[in-house]
Amino acid sequence: MAAKSATKAKTASQKSKSNTEAYLRMYRQMVRIRAFEDNANQLYLSAKMPGLTHMYSGQEAVAVGICEALEDTDYITSTHRGHGHCVAKGAEFRQMFCELLGKEEGYCRGKGGSMHIADQSHGNLGANAIVGGSTGIATGAALSAKYLKTGAVAVCFFGDGATAQGLLYEAMNMASLWKLPVIYACENNGYSEYTKTDEIAAGSLTERAKGFGMEAFTVDGQDVLAVNELTQELVARCRKGEGPFFVELQTYRYHGHHVGDINRTYYRSKEEEAEWKDKRDPIVNFGTWLTGQKIVTADDLAAIDAEVKADAKAAVDYALEAKYPDASEVTMHVYAEAS
Amino acid sequence: MAAKSATKAKTASQKSKSNTEAYLRMYRQMVRIRAFEDNANQLYLSAKMPGLTHMYSGQEAVAVGICEALEDTDYITSTHRGHGHCVAKGAEFRQMFCELLGKEEGYCRGKGGSMHIADQSHGNLGANAIVGGSTGIATGAALSAKYLKTGAVAVCFFGDGATAQGLLYEAMNMASLWKLPVIYACENNGYSEYTKTDEIAAGSLTERAKGFGMEAFTVDGQDVLAVNELTQELVARCRKGEGPFFVELQTYRYHGHHVGDINRTYYRSKEEEAEWKDKRDPIVNFGTWLTGQKIVTADDLAAIDAEVKADAKAAVDYALEAKYPDASEVTMHVYAEAS
Amino acid sequence: MRQITLSQAVNEAIAEEMRRDPKIFLIGEDVAEAGTPFKVLSGLVEEFGTERVIDTPISEPGFMGMAVGAAMTGSRPIVDLMFGDFLFLVMDQLCNQAAKTHYMSGGKLKVPLVLRTNLGATRRSAAQHSQSLHALVAHIPGLKVALPSSAYEAKGLLKTAIRDDNPVVIFEDKLMYNDKAPVPEEEYLLPFGQAAVLREGRDVTLVATSSMVQVCQKAAELLETQGISAEVIDPRTIVPLDEDTIVGSAKKTGRAVVVDEGHQSYGVTAEIAARIADKAFYHLDAPVQRIGAMDVPVPFSPALEDLTVPTPETVAERAQQLCKGEI
Amino acid sequence: MRQITLSQAVNEAIAEEMRRDPKIFLIGEDVAEAGTPFKVLSGLVEEFGTERVIDTPISEPGFMGMAVGAAMTGSRPIVDLMFGDFLFLVMDQLCNQAAKTHYMSGGKLKVPLVLRTNLGATRRSAAQHSQSLHALVAHIPGLKVALPSSAYEAKGLLKTAIRDDNPVVIFEDKLMYNDKAPVPEEEYLLPFGQAAVLREGRDVTLVATSSMVQVCQKAAELLETQGISAEVIDPRTIVPLDEDTIVGSAKKTGRAVVVDEGHQSYGVTAEIAARIADKAFYHLDAPVQRIGAMDVPVPFSPALEDLTVPTPETVAERAQQLCKGEI
Ligand SMILES: Cc1ncc(C[n+]2csc(CCOP(=O)(O)OP(=O)(O)O)c2C)c(N)n1
Ligand SMILES: Cc1ncc(C[n+]2csc(CCOP(=O)(O)OP(=O)(O)O)c2C)c(N)n1
Ligand SMILES: [Mg+2]
Ligand SMILES: [Mg+2]
């Protein structure tokens, strides 16, 4: 479980066991994401959820490894596949499920839904349904942090597919020129919709970033400790004015592009899926490492799993019963009132 | 006078004198561009030209070196600073001056003007007033050439400033993925408007292109032979399916950003301007080389200069007298008629 | 007559035209093997190969620009823009380049391309995947804009668009992809600038575009039960716009309601209503009414989203008020 | 009262607001030392430094997006977009992001930013540097749109825009930068959604935006010589639109001409004319007239360009016909 990056981060096994609390929080957060997605998927399959949604399952170590290196006052921007980022940055199940179901108690009063879920109380500036659409926003949040001298760092999450959007390079150029505290976190899960990454990306993603004068790293996105360690280092450097940085995180999405994408053998094989799920699952592997290092017992982990599952179920039940926003809300919030 | 590029082009002095005709054509074309611009500038200063215009003077070796390596059936896209490209690709003075003055006999019947001058008979798909706006168009022309199997190559001219437009990277990515016959010719004249290139471009322009999987070159844009040699090689390779390529041409604009930009010491020094004009003038240096190599005499060159000057003067006089389009033209050409 | 879905109609139109003219190619995201997320293009790559059915990276400005360049140089691209909301990404290449090139070049360069995209809310897709943005492109001279309202129009208008030598933007209603309608086996084209009178009536004219045509036909049925005879007109293309048919109908009935799924303010209903109010002024018994989508970003919540778009009931109610002299 | 140019008015508005609120910064191309190509911002970088007056690369989508992110996180950016024509490049960030964020977040996130840009033809700048594209942004809920028509409005509206907690797009008429008008020394703000009645009249209402205000005031003078009394109304902001004042005037005069420099079709004149025709229906003596720019890309040739925009003469002529019952 080591970062494949140019950085000299220590491997996880070299680390002391003193970080038990942090480890358990990471484990729990990954389990929470998985549980959230399992429930969201069920809601879709049982026709209880309006619209479509994109599952984050499989990529948990990315969101958690990164967000655990951030403070609430740091910013993230998220994507159409954004539940994982939202959970990892500190959101609660209840408001999240309410949002997915279009209920008034949702983070966005039901107006945003899965693709626009935001949680500004924890610095999540929102999911985005425009691929690459948040790259400018994250960079602007970093500009703001620098301008207002808040010390905050911004992480821009985006997929391999989003690297085809020119906006990213415009933003990276300015971030690099102005040394903004922003980390471009490219979650390379091998696909954009139904297309393999090498069919849509020429050259090398990290070399591109370097061409814009930025240090760039590649890290195993299934290894939460490697991700976390690298991010901690980069966040610290960002705060010292040494940003921006680009990180390519190699990961995999377990489900289809969206919940409705069931028959997908025409673009990727069952064997490939099995390979990742069986051998590279970020939660299983981290659990194995935790028990192997005797940091916790298998029972401890099972208890976390059970607790999280119950939480998720309770939140779903709550959300299903919660009320929809009143009809009068439809014209509210088009414009902010003078404050 | 050697290419500073990674290519192994022979230096000009190693070449035989057998290319006299080609050399003289290049010399003449550079002189024609300079003469065109001198006249255009005069038209502006004497308030005979509507609007503004951007002078190409100083950059002649770029347009000529490149276009002399192309056929009429090859395509170029041009920029707001486009007179040089237009002349180099084969356009006539008369129709050009008519266009600059908004006359009916202009290449675009006066509807385009300086910033939109196009000459589709020689494959010039047009100047463009949106910085970077033609990068997709040139790449599309290359796609078309490949798709229709015409064997044509497209050259996309753009400035250092245009490298800040994300569209360029989207287009380069697709060109690279699909091996399109396109050459991205970046005329780095050190400035975009009133700003130095290093204030607006992080990293390295050629490294960026390489990050997109493209071979990239840097060449002295004041050395017409170096530019021409490199382009010949790249055009030939494009025709063999080995494109795309990126070329950074180091050059300088003698005038202000546009004809009205007279007091410019606040962003660049008189010394710097003098340095380029006195030591690196593409026409003077090429003339010196031609006479030094005994390819022609100074008198031969003077004769060309005089002839071109007379041509330009005659074309200006003609254009000044030429008639404006009829009022009825205003609603013509909004839509193409069924053919 | 056989019935096919709008999706099949689009597919047939493209296949027929691609067979006819080898200069045509398709370009967009996941258009090949995947046949688009809506599966509208399924089967085309199998027939025409990946040279003519080109999967792109997620680079809307880029492939839009490339289509412009390809169209200028002898090809005839059909661009697939997955959601109408992504129009905002391609506006520069569409409106500053494609739309103006023919004019700016004094008629020398042509840009024969089709931009296929969609419109329509109520799919619970929220604010960035639900917009109906046809008014924006209709405002730009040099573009033609077609709004098919059924499989029949979708096929006939798309074939006309593909043969047009200008950039044409065609918006399909994404909720209608699986709706069937009678479509002839034989080839046919529908001319631009000719509205269809879908239902004749005496009391009120309902002008409806795209998704709103069905809404207005249902409204007309409701009105009939109330003894009100509504004429339903589908302009089919909003650029060019068949003003004569629309104004003629309004003159006849003396009342008009214009219904469109774009936002109401500064949208399509404004243009059509303004023209009727002007040209039929002396024949109108009541003010021309407009019903567009609410001027709000499309909310996700089903409880809110459905409120934002015109329904048969809201249209019928307004028409009724109009006919009763209540407005 | 002292007279200053529109350019100075804009400069003063920004300087005053930047002194008041340290969260405000300026961002755009060549805004610092160069003070923009129009020299509107000269002197600001000297006072506020390069941290608050930020020169960008030529990356309109990029810095627009950054402004959105900055506005969401406590800053209040003023974005300088050198030409209104470049709006097409920033539409996604402006319309899909800035305009919708407050709504999509259920009111939790705010995007207090100002996008300053311009409009207007007849500068011989051809099709890509001459457009008046305010209708496009007016169609998008979540954006406010201001159209100052003199130095006075420019200062007052811009200050209001800067203090607004929403994204505001403000269009200056680039031909007016050197035009002087009386501007108080004391601070003042002009409220959004309040039209100005610039001239009272009895016979016809001229509704004019931005550059067309001067045109209509001259038209009103021409009309006066013909014994026609024209009321001239400047809406100042088209979102929000002061419908009451406009409709009220049309009710009083019974006739209205709406004049705007955007393309006529699917443009601003349509919305305003449609509202007047609806709300003043029973008071109108003649159909509401619209005069926009021609539906053609702006041609370069002076011989053609001047034909494309409304002039005092064309407006006066139309108003006269209207008053004479010839329409
Ligand atoms: C601008 C834009 N183009 C296309 C889409 C449709 N779309 C949604 S997700 C997606 C694929 C994104 O791939 P990637 O960035 O790799 O993220 P992943 O889905 O793999 O997490 C596409 C094409 C979109 N939402 N926005
Ligand atoms: C999209 C866009 N943004 C801004 C401008 C204004 N502008 C015109 S030329 C120019 C500078 C271009 O610099 P560069 O690409 O280096 O070309 P050069 O002028 O040096 O030849 C700018 C900013 C424009 N025309 N288009
Ligand atoms: Mg992906
Ligand atoms: Mg330059």
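A quick note: this is a predicted structure, and the numbers were derived from the prediction, not measured. Chain naming here is simple, since letters A, B, ... match the order of the sequence lines and numbering starts at 1 in each.
- Among C/M104, C/H102, C/Q93, the residue making the largest number of heavy-atom pairs under 4.5 Å with chain D is C/M104.
- When heavy atoms are compared at a cutoff of 4.5 Å, D/Q289 approaches chain C solely by way of its side chain, counted from C-beta outward.
- For the atom pair CZ (C/F300) and CZ (C/R124), the distance works out to 8.5 Å, reported to the nearest 0.5 Å.
- Without hydrogens or angle criteria, C/S59 side chain to C/F63 main chain gives no donor-acceptor distance under 3.5 Å.
- Contact count against chain D (heavy-atom pairs under 4.5 Å) is highest for C/H263 among C/R275, C/K279, C/H263, C/M294.
- Of all residues in residues 241-256 of chain D, those placing a non-hydrogen atom less than 4.5 angstrom from a non-hydrogen atom of chain C are D/L241.
- In terms of heavy-atom pairs under 4.5 Å with chain C, the best-connected choice from D/G142, D/P299, D/A277 is D/P299.
- Using a distance-only test at 3.5 Å, with no hydrogens or angles considered, no donor-acceptor pair links the side chain of D/D234 to the main chain of D/V207.
- Taking SG from D/C216 and CG from D/L206, the interatomic distance works out to 5.0 Å, rounded to the nearest 0.5 Å.
- Both the backbone and the side chain of C/A286 come within contact range of chain D, each with at least one heavy atom under 4.5 Å from a heavy atom of that chain.
- The part of C/V288 that comes within reach of chain D is its backbone (N, CA, C, O), which places non-hydrogen atoms under 4.5 angstrom from that chain.
- D/D203 has its side chain out of reach of D/L322: every pair of non-hydrogen atoms, C-beta onward, lies at least 4.5 Å apart.
- A side-chain donor-acceptor contact under 3.5 Å links D/N118 to the backbone of D/G84.
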TODO: For C/E271 and C/R290, run salt bridge (charged side-chain N to carboxylate O under 4.0 Å, His left out): C-alpha distance rounded to whole Å, both residues' side-chain angles, the deciding distance at 0.1 Å, then the answer.
DONE: CA-CA 10 Å; C/E271 179 65 30; C/R290 300 156 57 193; over 6 Å; no

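- Under the 3.5 Å distance criterion, the side-chain polar atoms of C/T56 are matched with a main-chain donor or acceptor of C/G28.
- Interface check for chain C: of the options D/K100, D/H139, D/M91, D/Q264, the most heavy-atom pairs under 4.5 Å are formed by D/H139.
- Within residues 128-138 of chain D, the residues approaching chain C closer than 4.5 Å by heavy atoms are, in numerical order, D/Q128, D/Q131, D/S132, D/L133, D/A135, D/L136, D/A138.
- A donor-acceptor contact shorter than 3.5 Å is absent between the side chain of C/E29 and the backbone of C/M82.
- One N or O on the side chain of C/T237 and one on the backbone of C/P240 form a donor-acceptor pair closer than 3.5 Å.
- Only the side chain of C/Y282 comes within contact range of chain D, judged by heavy atoms closer than 4.5 Å.
- For the set D/D278, D/V90, D/N96, D/L89, the count of heavy-atom pairs under 4.5 angstrom toward chain C peaks at D/N96.
- Under the side chain to side chain contact (heavy atoms under 4.5 Å, CB included) criterion, D/A71 pairs with D/P77, D/V111, D/P112, D/L113, sequence neighbours left out.
- Annotation: maximal heavy-atom pairing with chain D below 4.5 Å, among C/C95, C/S265, C/A127, C/A273, occurs at C/S265.
- Checking side-chain atoms of D/K144 against main-chain N and O of D/N166 turns up no donor-acceptor pair under 3.5 Å.
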Task: Evaluation steps, side-chain hydrogen bond (donor to acceptor under 3.5 Å, both in side chains), between C/E305 and C/T122 - done: CA-CA 6 Å; C/E305 187 181 24; C/T122 70; 5.4 Å; no

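- Each of C/T269, C/V298, C/D295 has some count of heavy-atom pairs under 4.5 Å with chain D, and the biggest count is that of C/D295.
- Remark: side-chain polar atoms of C/Y266 are paired, donor with acceptor, to backbone N or O of D/I238 under 3.5 angstrom.
- Checked against side chain to side chain contact (heavy atoms under 4.5 Å, CB included), D/Q321 has the following partners two or more places apart in sequence or in another chain: D/E317, D/R318, D/E326, D/I327.
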